[in-house]
Amino acid sequence: LQGHFLTYFKSHLIKKPSRDESLDIRRCSVFAVDEHEYSPFAIQIDSPHEKSLYLLFAPNEINRNVWLQLLKKAAQPD
C-alpha cells in the first residue's frame, strides 16, 4: 500500500510482482468480512462500478483490523 494505491500479486504463490500491478482504491468501499469460506479474517474491496473487486485474507483478527484501518484511510478521496 502506497498512498491511494494497492500493489497486488496475480497469485498467492508468487511472492514478488513480475510487473507493476496496482489499484487506485480511492472511492472504493472497504469492509471486514467475518464469514468467508477461506478465512474468518477477510477484507473486501468494492469499486463504485462493480461489487467484490478484491478479497484479501489476514492471518488473524488483529492483522485484519490494522489493514482494514489503513485501507479505509487510503480509500478516502483527497
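Every heavy atom of this structure was used, including side-chain atoms; hydrogens, water molecules and symmetry mates were not.
Put simply, Leu23 and Leu1 are part of the same group of oily side chains (I, L, V, M, F, W, Y) that touch within less than 4.5 Å, one to the next. Cluster membership check: Val33 does not share its hydrophobic cluster with Val66, using side-chain heavy-atom separations under 4.5 Å among Ile, Leu, Val, Met, Phe, Trp and Tyr.
Asn60 contributes atom CG, which lies 6.5 Å from atom CZ of Phe41 (distance to the nearest 0.5 angstrom). Note that CD of Gln2 and OG1 of Thr7 are 7.0 Å apart. Values are rounded to the nearest 0.5 Å. To the nearest 0.5 Å, atoms CG (Leu56) and CG (Asn63) are separated by 12.5 Å. Atom-to-atom distance recorded for Asp24:CG and Leu6:CG is 10.5 Å, nearest 0.5 angstrom.
Contact between Ser47 and Cys28 at its shortest, heavy atoms only, is CA-SG, 3.9 Å. Shown here for Ala42 and His36, the closest heavy-atom pair between the two residues is CB-CB, 4.3 Å. The heavy-atom pair separating Ala58 from Ser39 by the smallest distance is O-OG, 3.7 Å.
The closest side-chain heavy-atom distance from Tyr54 to Asp46 is not below 4.5 Å. For the pair Asp34/Arg64, a side-chain contact is recorded, criterion being any heavy-atom separation below 4.5 Å from C-beta on. Residues Phe57 and Ile43 have side chains not in contact (no heavy-atom distance under 4.5 Å, counting atoms from C-beta outward).
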Cut-off 3.5 Å, no hydrogens considered: what does the side-chain donor-acceptor table look like for residues 69-78, sequence neighbours left out?
from  : atom 1 : to   : atom 2 : distance (Å)
Asp78 : OD1    : His4 : NE2    : 2.7

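With sequence neighbours excluded, no residue forms a salt bridge (Lys or Arg N to Asp or Glu O under 4.0 Å) with Arg27.
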